[in-house]
Amino acid sequence: MAFICRFAPSPTGPLHIGGVRTALFNWLLVKKNKGKFYLRIEDTDKERSKEEFKKQIIDSLSWIGIKHDDKEYIQSKNINKHKEIAEELLKKGFAYKCYCSEEEIKEQKEKCKKQGIAFIYNRKWRDPKNLEIPKDIKPVIRFKSKISGNSLIKDLVQGEINIANSIIEDFIILRQDGSPTYQLSAVVDDHLMKISHVIRGDDHKINTFKQKQIYEAMNWDVPQFAHIPLIHSEKGSKLSKRDKASTIDDYIKLGILSDALRNYLLRLGWAHKDKEIFTLDESIKLFDLNGVGKSPSKLDMSRILSINEHYIKHIDEKELFELLKVYCQKFKKKIDASKESTLLKSMNFLKNKAKTLEDIYQNAHYILNDSIKILPEDLKLLDAPSKKILKDFLSEFEKISKITKESLEKIVNGLIDKHKTNFKGIGQPLRIALTGSRFGPGIYDIIISLNKDAVVKRLKN
RNA sequence: GGUCCCAUCGUCUAACGGUUAGGACAGAUGGUUUUCAAUCAUCCAAUCGGGGUUCGAUUCCCCGUGGGACCGCCA
């Protein structure tokens, strides 16, 4: 059986990482089963759908490495087909026109609320025998849901879920203005796209019982369903677009690598034994729905950072450098071409002190900028004895022809003896003079990474 | 409130009837180190409660408690 999945976000806001994870799970399974992965933009809510969000969704997915097959599918382009199916359901007696006014529905809702029960439309027009059709009201079309009995879905993640049919109302499939609603459009499109597995967030679980009835009414094959638990924010509730650090863009800005975020998202709600780090190939090979847990998981920033740190340390330095370049250009300032080679050479020690690209950028400050500013509090540390040390260092430094760790060590050790101090006594003033900060990479790394002239110049100031 | 779902260290999770309940992140302590880190070693830390079933329950069943999702002419 072909394995065909889709990810179907609505372009009504930036895609958050919960959505990205859903897309990832779909995509991984498709890759594993050599199937098809489609992207369907569900834009039938004309009011709220925006072109910019559609673009953002595609960009976010592609950043993390998810590419959809074929061209993205725009749901609104298929509205006529959805309407056709609604008519067909009407003709076959699986749906009916409902002439209730908005006031009537509102009244019913209030009544239900008072009684403390969930609102279910009272099915007034399901049997219109004794009803007079109002002239001034355009009807909506409702699906004739089952009233009695129970329905069961066998969910690939959740297991068997059983509900009484009576709690599923006669939901609207065509609005007053004749446009189809989500319940209808999603089913028609999934059918037309030959979707074999619907893998989506837990919040869609109830919809499944509505949608299944449409499939059955139309005599269509019902796909398999898998509802994956939601991601919760630190507050413990469903992640929303309003939560801070919830969109892919937020993480890119923080300097998170796409592989790291992919790995983090993969492990959120899914596990394979004790394994923590998964290459892309391993994820495809090992991912399965059996390993997906049933309970929601909380977002944990320190863990994201920790995985990111791992990837920063392990990816190819040249590659890391390229990522840094892009990052700086986008969020900081473009790296000066003249600094590139120095920076590239320095990646091997810069990466060891970083959890994010932002961290690397911070530590590379002294490379990226010719003139360095020393904070007043640090300047205070450069007292007269320290300045003398710097002066002595400079004169020794100017004499050496080859700047290596060994040659520098020799100078420093000599100075330690001469000034009766320790390494810190030499290292700290040097670091401040060369980088403008007390914190940063190892002092030898700093000196070796800068060229001789730059060191001399900075020390002279 | 109704319906449904879920429940192992603070967090992510492993253990699909038999383990001293494991790993990772975070935290703590110590070693190393020129700063910040990193690194190494060690430590702290969990089966929500109560009943069953069973020789034996984290695991199966029931009840309670807690958390969540849904309850739109949104998707």
Side-chain angles (χ1 to χ4, degrees), chain A residues 8-13 42-45 47-49 75 98 100 102 105 109 112-120 138-142 155 158-159 161-164 166-169 171-183 185-186 200-207 209 227 229-230 232 234 236-238 264 267-277 290-291 293-307 309-310 313 349 351-355 359 362-363 412 416 422-432 435 437-444 446:
Chain A
S10 58
T12 54
E42 305 216 322
D43 60 343
T44 49
D45 182 345
E47 301 275 301
R48 298 194 303 151
S49 295
Q75 188 159 63
C98 164
C100 282
E102 274 180 56
I105 300 289
K109 277 190 186 173
C112 287
K113 209 173 174 184
K114 241 184 232 165
Q115 288 177 13
I117 52 173
F119 164 70
I120 286 188
K138 274 187 81 181
V140 295
I141 295 183
R142 289 183 182 269
D155 191 283
Q158 307 284 336
I161 310 163
N162 202 323
I163 60 145
S166 57
I167 68 152
I168 302 294
E169 69 163 337
F171 53 94
I172 293 171
I173 54 175
L174 229 51
R175 299 185 185 97
Q176 221 168 20
D177 67 1
S179 64
T181 63
Y182 162 74
Q183 306 291 2
S185 298
R200 69 218 313 193
D202 216 354
D203 46 348
H204 280 286
K205 214 156 49 188
I206 294 294
N207 292 332
F209 290 96
H227 289 92
L230 302 175
H232 282 178
E234 263 126 0
S237 55
K238 179 176 163 178
Y264 173 76
R267 276 291 284 100
L268 197 60
W270 177 83
H272 178 80
K273 298 179 183 161
D274 280 345
K275 199 169 162 60
E276 299 287 350
I277 300 297
N290 288 340
K294 290 183 173 189
S295 49
S297 28
K298 270 187 200 145
L299 225 42
D300 180 3
M301 197 56 199
S302 66
R303 198 176 182 89
I304 297 176
L305 253 20
S306 149
I307 294 182
E309 183 180 8
H310 177 274
K313 283 187 177 145
F349 62 86
K351 71 178 184 183
N352 285 326
K353 311 178 71 73
K355 281 186 157 61
D359 290 346
Q362 292 300 342
N363 275 324
V412 171
I416 289 173
N422 55 18
F423 198 111
K424 193 177 173 182
I426 315 293
Q428 179 159 292
L430 267 175
R431 179 176 292 103
I432 293 173
T435 72
S437 170
R438 269 174 300 158
F439 315 121
I443 194 67
Y444 296 137
I446 294 173

* Find which nucleotide of RNA chain B each of A/G293 and A/T44 is nearest to by heavy atoms, and output the residue with the more 5' nucleotide. => A/G293

* 5'-most by nearest nucleotide on RNA chain B - A/S179 or A/I163 -> A/I163

Check nucleotides 69-73 of chain B against the protein and report each pair of N or O atoms closer than 3.5 Å, with its distance, or say if there are none.
unit_1: B/rA69; atom_1: OP1; unit_2: A/K238; atom_2: N; d: 3.0
unit_1: B/rC70; atom_1: OP1; unit_2: A/K238; atom_2: NZ; d: 2.4
unit_1: B/rC73; atom_1: O3'; unit_2: A/R175; atom_2: NE; d: 3.0
unit_1: B/rC73; atom_1: O2; unit_2: A/Q176; atom_2: N; d: 3.1

* When all nucleic acid strands are considered with a 4.0 Å heavy-atom cut-off, which category describes A/T12: base, sugar-phosphate, or nothing? ->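 Contact class for A/T12: none.
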
Sequence neighbours left out, what passes ring pair (Phe, Tyr, Trp, His ring centres under 6.0 Å) with [X]? Give chain and number order.
{"X": "A/H204", "result": "A/Y182"}
{"X": "A/F171", "result": "A/F143"}
{"X": "A/F439", "result": "none"}
{"X": "A/H310", "result": "A/H314"}

Atom [atom1] of [X] and atom [atom2] of [N]: how far apart are they, to the nearest Å?
{"X": "A/N290", "N": "B/rU13", "atom1": "CG", "atom2": "P", "answer": "16 Å"}
{"X": "A/L305", "N": "B/rC12", "atom1": "CG", "atom2": "P", "answer": "17 Å"}
{"X": "A/D300", "N": "B/rC25", "atom1": "CG", "atom2": "P", "answer": "12 Å"}
{"X": "A/Y264", "N": "B/rC12", "atom1": "OH", "atom2": "P", "answer": "8 Å"}
{"X": "A/I167", "N": "B/rG1", "atom1": "CD1", "atom2": "P", "answer": "17 Å"}

[atom1] atoms of [N] and [M], separation to the nearest Å:
{"N": "B/rA57", "M": "B/rG51", "atom1": "C1'", "result": "14 Å"}
{"N": "B/rG27", "M": "B/rU11", "atom1": "P", "result": "15 Å"}
{"N": "B/rC44", "M": "B/rC25", "atom1": "C1'", "result": "15 Å"}
{"N": "B/rA37", "M": "B/rG30", "atom1": "P", "result": "15 Å"}
{"N": "B/rA15", "M": "B/rC5", "atom1": "P", "result": "23 Å"}
{"N": "B/rG68", "M": "B/rC73", "atom1": "C1'", "result": "28 Å"}
{"N": "B/rU42", "M": "B/rU32", "atom1": "C1'", "result": "15 Å"}
{"N": "B/rU59", "M": "B/rA26", "atom1": "P", "result": "31 Å"}

Need the pair for [N]. Rule: Watson-Crick or G-U wobble, both distances under 3.5 Å, any strand; none if unpaired.
{"N": "B/rC16", "result": "none"}
{"N": "B/rU35", "result": "none"}
{"N": "B/rG27", "result": "B/rC43"}
{"N": "B/rG66", "result": "B/rC6"}

Contacts of [X] that satisfy side-chain contact (heavy atoms from CB on, under 4.5 Å) - sequence neighbours left out:
{"X": "A/N422", "answer": "A/K424"}
{"X": "A/I172", "answer": "A/V140, A/R142, A/T181"}
{"X": "A/K351", "answer": "A/I312, A/E317, A/L320"}

Please tabulate the protein-to-nucleotide N/O contacts below 3.5 Å involving nucleotides 20-24 of chain B, giving atom names and distances.
unit_1: B/rG22; atom_1: N2; unit_2: A/D274; atom_2: OD1; d: 2.9
unit_1: B/rG23; atom_1: N2; unit_2: A/E276; atom_2: OE2; d: 3.1
unit_1: B/rA24; atom_1: O4'; unit_2: A/E276; atom_2: OE2; d: 3.3
unit_1: B/rA24; atom_1: N3; unit_2: A/R303; atom_2: NH1; d: 2.8

[options]: which one has an atom nearest the side-chain heavy atoms of [X]?
{"X": "A/L268", "options": "B/rC12, B/rA26, B/rC4", "result": "B/rC12"}
{"X": "A/A271", "options": "B/rU13, B/rA75, B/rU3", "result": "B/rU13"}
{"X": "A/K298", "options": "B/rC12, B/rA26, B/rA75", "result": "B/rC12"}
{"X": "A/S297", "options": "B/rC5, B/rC25, B/rU13", "result": "B/rU13"}

* Do the charged groups of A/K298 and A/E234 touch, with an N to O distance under 4.0 Å? ->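 Answer for the salt bridge query: no.
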
* Between A/K353 and A/D359, is the closest basic N to carboxylate O distance under 4.0 Å? -> no

* To do: Could you pull out all residues at least two apart from A/T12 that satisfy side chain to side chain donor-acceptor pair (under 3.5 Å)?
  =>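 A/S10.
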
* Partner set under side chain to side chain donor-acceptor pair (under 3.5 Å) for A/D274, not counting sequence neighbours -> none

* To do: Using a 4.0 Å heavy-atom cut-off, write out nucleotides 31-46 of chain B from 5' to 3' as B (base contacted by protein), S (sugar-phosphate only) or - (no contact).
  => ---BBBBS--------

* Taking every non-hydrogen atom, the tightest pair across A/H232 and A/G236 ->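 Between these two residues, the closest heavy atoms are ND1-O, 3.0 Å.
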
* To do: Could you tell me which non-hydrogen atom of A/H227 sits nearest to which non-hydrogen atom of A/R200, and how far apart they are?
  =>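 Shortest heavy-atom contact: NE2-CD, 3.1 Å.
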
